[in-house]
A.B. asks: 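Below you will find the structure I want to go over with you.
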2 protein chains.
Amino acid sequence: MPQSRPRIIPEATVARLAVYLRVLAGLADGGRSHVSSGELASAAGVNPAGLRKDLSYLGPCGVRGVGYSVSGLRDRLTDALGGERSRPCVLIGIGRLGSALADYAGFASRGFEFVGLLDTDPATVGHRVGGLQVRPVQELEAVVAETHATIGVITTPAEVAQSVCDRLVSVGVRSILNFAPVALTVPAGVDVRKVDLSVELQVLAFLDQQRDGTPPLLAPLRPAQGVAR
Amino acid sequence: MPQSRPRIIPEATVARLAVYLRVLAGLADGGRSHVSSGELASAAGVNPAGLRKDLSYLGPCGVRGVGYSVSGLRDRLTDALGGERSRPCVLIGIGRLGSALADYAGFASRGFEFVGLLDTDPATVGHRVGGLQVRPVQELEAVVAETHATIGVITTPAEVAQSVCDRLVSVGVRSILNFAPVALTVPAGVDVRKVDLSVELQVLAFLDQQRDGTPPLLAPLRPAQGVAR
DNA sequence: GCGACTTTGTTCAGGCGTTCACAAGCGGTT
DNA sequence: AACCGCTTGTGAACGCCTGAACAAAGTCGC
Ligand SMILES: NC(=O)c1ccc[n+]([C@@H]2O[C@H](COP(=O)([O-])OP(=O)(O)OC[C@H]3O[C@@H](n4cnc5c(N)ncnc54)[C@H](O)[C@@H]3O)[C@@H](O)[C@H]2O)c1
Ligand SMILES: NC(=O)c1ccc[n+]([C@@H]2O[C@H](COP(=O)([O-])OP(=O)(O)OC[C@H]3O[C@@H](n4cnc5c(N)ncnc54)[C@H](O)[C@@H]3O)[C@@H](O)[C@H]2O)c1
């Protein structure tokens, strides 16, 4: 038996694999033992053929004529996405958004654990949020060193996001999730993903206007599948 | 002078236009009158040529040899993205995440205004969040009707997201932003955008593992530009 | 044991998006 | 008035991703 092929997985596929993994976790809880690509694709909101293509990057995962083993596929996906080991994360900026994230149970269940919460505000430092005590941002480097955090999440105001990012990078954090509405500049070898909620709303507004304003002009779009992307 | 061309704008471009608009707002506050594509692209974290191509969908916007007028381009972008009119939004599920969104000032400044906050929890209903009183979710249809909300934001638990979505669609909301980790099914003509934070973290974890595990194998990737995507 | 049905895995073509490179156009200067 | 440098706008090539059709393969029923 040949070992897992070291093929390159497109980033768009990786994002979908994470969605499949969550759906599979739900199916496993429901006691299901097998799923077809059609059912899984429907639950994930994607095309069945695309789903099979995504899974094919991991090598053959299913049984023809039967489908995929829920637990088997779940394990394979978990492995492909980085294993089951807990990923320590630090969160900087414990305001409204940061508090919501720190308190969210959905991350821990997927292996992401906040091991450090940092803020400048003296009114916030010392408080317990999500079972962890908020520490002063001056200790950021020390916290990363002692916890071996590999992921940094930035929920500070935009003005200070770049400086926070620089400090994270300087102590070895190479994966950053940024909620502040600025484009962060980082050296090569560091990955930044940005979540920009204002942009999401603005795109919705644009699509809305386009729909109302010029119905015949936007014609050559989606072939009317009843499932959201 | 020919009026604005009714060309089709790719969705990826629309999202970037929203980013440019925000950067321009900052430049205008700073008193700048002109910008070059290079500077704007750098601030937005994109390629200069791509930026010019994005803007070209709106027709000629700049002056060769000089650059773009900050205020002129800002107005043009504002117009293209749906005008300056206020967009009323309803928010369902005023928990930790929902409260953070309702309280956030960055949306109102871009024309998005929450006009209805809804929840089931009796302990939450009646409270004031972000200057608005939380109302029982039973009144959802009434709130949409009286406020003419066009955008619905879902921050409820995943189990009820689909039913909330159905109710929004049934009263005419055709733009939905979903934070719950489920794929929503909607009829054609309704746009759904999904924000999935667990997936973002999972992708970061994957990239991290890929970097450490197989340095020579992921070689054919990004040409080492020091700016995050 | 054999056949037919079901579902996967892969191949192919099409579209979309991104990137590079160059010509066109404008302002400033001599 | 003509030249020069700078910046935009666009055309074309490239690569990536998506969607569909087809063949391989395994299971269930008889
Ligand atoms: N809340 C939202 O719904 C929302 C939506 C979209 C974007 N954002 C963005 O997310 C970020 C946070 O938003 P928020 O609403 O939570 O703001 P917030 O003001 O409630 O929280 C920001 C926190 O960062 C802390 N902080 C400030 N400077 C710091 C520093 N140098 N180091 C560490 N911490 C520091 C502040 O003390 C505060 O607690 C902002 O950039 C905002 O634009 C928020
Ligand atoms: N908080 C986070 O950081 C985070 C991160 C990723 C995803 N999410 C997702 O966002 C959603 C909300 O997360 P949260 O942390 O705010 O959860 P939460 O439990 O704090 O808030 C959920 C709110 O929805 C309300 N609700 C429940 N059923 C409802 C219904 N039928 N109609 C209207 N309201 C209803 C609840 O009363 C509660 O106030 C969840 O789907 C969660 O998976 C949250």
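So you know, we letter chains A, B, ... as the sequences are listed, proteins then strands, and number each from 1.
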A.B. asks: Report yes if a side-chain nitrogen or oxygen of B/Tyr68 is closer than 4.0 Å to either non-bridging phosphate oxygen (OP1 or OP2) of D/dG9; otherwise report no.
C.D. replies: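 Affirmative; the distance criterion is met.
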A.B. asks: May I ask you to decide whether A/Arg110 forms a salt bridge with A/Glu84, counting only side-chain N to carboxylate O separations under 4.0 Å?
C.D. replies: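 A salt bridge is absent here (no side-chain N lies under 4.0 Å from a carboxylate O).
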A.B. asks: Could you tell me how far apart B/Arg52 (CZ) and D/dA12 (C1') are, to the nearest whole angstrom?
C.D. replies: 15 Å
A.B. asks: Who passes salt bridge (Lys or Arg N to Asp or Glu O under 4.0 Å) against A/Arg96, sequence neighbours left out?
C.D. replies: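 A/Arg96 satisfies salt bridge (Lys or Arg N to Asp or Glu O under 4.0 Å) with B/Asp103 once adjacent residues are dropped.
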A.B. asks: Considering only side-chain heavy atoms of B/Pro60, which listed nucleotide, D/dG19, C/dT19, D/dG9, is closest?
C.D. replies: D/dG9
A.B. asks: Separation of B/Ile9 atom CD1 from C/dT18 atom P, in whole Å?
C.D. replies: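 Nearest whole value for this atom pair: 14 Å.
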A.B. asks: Can you identify which nucleotide, out of D/dC17, C/dC12, C/dT18, has its nearest atom closest to the B/Ala12 side chain?
C.D. replies: C/dT18
A.B. asks: Strictly by salt bridge (charged side-chain N to carboxylate O under 4.0 Å, His left out), give each pair with a member in residues 173-189 of chain A just once, sequence neighbours left out.
C.D. replies: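 Listed by first then second residue: A/Arg174-B/Asp212.
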A.B. asks: Measure from the side-chain heavy atoms of B/Asn47 and tell me the nearest of C/dG17, C/dT8, C/dT19.
C.D. replies: C/dT19
A.B. asks: Grab the CG-P distance between A/Asp54 and D/dT18 for me, whole Å please.
C.D. replies: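 Atom CG in A/Asp54 sits about 7 Å away from atom P in D/dT18.
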A.B. asks: For every nucleotide of nucleotides 24-30 of chain C, 5' to 3': is a protein heavy atom under 4.0 Å from its base (B), only from its sugar-phosphate (S), or from neither (-)?
C.D. replies: BBBS---
A.B. asks: Would you mind checking if B/Asp79 and B/Arg76 are paired as a salt bridge, meaning a charged N to carboxylate O distance below 4.0 Å?
C.D. replies: no
A.B. asks: Output all residues satisfying salt bridge (Lys or Arg N to Asp or Glu O under 4.0 Å) with A/Arg52, sequence neighbours left out; order by chain, then residue number.
C.D. replies: none
A.B. asks: Could you check how far CG of B/Leu58 sits from P of D/dT10, rounded to whole Å?
C.D. replies: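 For the pair B/Leu58 CG and D/dT10 P, the rounded distance is 11 Å.
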A.B. asks: Apply salt bridge (Lys or Arg N to Asp or Glu O under 4.0 Å) to B/Arg16 and list each qualifying residue two or more places apart in sequence or on a separate chain.
C.D. replies: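 B/Asp54.
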A.B. asks: I need the residues from residues 21-36 of chain B with at least one non-hydrogen atom less than 4.0 Å from DNA chain C; give them sorted by number, or say none.
C.D. replies: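 Contacts with DNA chain C under 4.0 Å: none.
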A.B. asks: Could you give the CG-to-P distance, from B/Leu73 to D/dG9, as a whole number of Å?
C.D. replies: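 Atom-to-atom, B/Leu73 to D/dG9, this comes out as 9 Å.
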A.B. asks: Quick check on D/dT18: is either OP1 or OP2 less than 4.0 Å from any side-chain nitrogen or oxygen of A/Arg16?
C.D. replies: yes
A.B. asks: Identify every side-chain donor-acceptor pair in residues 152-164 of chain B under 3.5 Å, counting partners at least two apart or on other chains, and give the distances.
C.D. replies:
from: B/Thr155; atom 1: OG1; to: B/Ile92; atom 2: O; distance (Å): 3.2
from: B/Thr155; atom 1: OG1; to: B/Gly93; atom 2: O; distance (Å): 2.6
from: B/Gln162; atom 1: OE1; to: B/Thr185; atom 2: N; distance (Å): 2.9
from: B/Gln162; atom 1: NE2; to: B/Asp166; atom 2: OD1; distance (Å): 2.8
from: B/Gln162; atom 1: NE2; to: B/Thr185; atom 2: O; distance (Å): 3.0
from: B/Ser163; atom 1: OG; to: B/Val160; atom 2: O; distance (Å): 2.9

A.B. asks: How would you list, by chain and number, every residue that makes a side-chain hydrogen bond (donor to acceptor under 3.5 Å, both in side chains) with B/Ser86, sequence neighbours excluded?
C.D. replies: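 So B/Ser86 forms a side-chain hydrogen bond (donor to acceptor under 3.5 Å, both in side chains) with B/Glu113.
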A.B. asks: What is the distance from CG of B/Leu51 to P of C/dC20, rounded to the nearest Å?
C.D. replies: 14 Å
A.B. asks: Give one of base, sugar-phosphate or nothing for A/Gly62, where a contact means two heavy atoms less than 4.0 Å apart.
C.D. replies: sugar-phosphate
A.B. asks: From CZ of B/Arg76 over to P of D/dT8, roughly how many Å is that when rounded to an integer?
C.D. replies: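 To the nearest whole Å, that distance equals 15 Å.
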A.B. asks: Which residues satisfy the salt bridge (Lys or Arg N to Asp or Glu O under 4.0 Å) test with B/Arg64, sequence neighbours excluded?
C.D. replies: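 None.
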A.B. asks: Which of the following nucleotides, C/dC12, C/dT19, C/dG9, is nearest to the side chain of A/Lys53?
C.D. replies: C/dC12
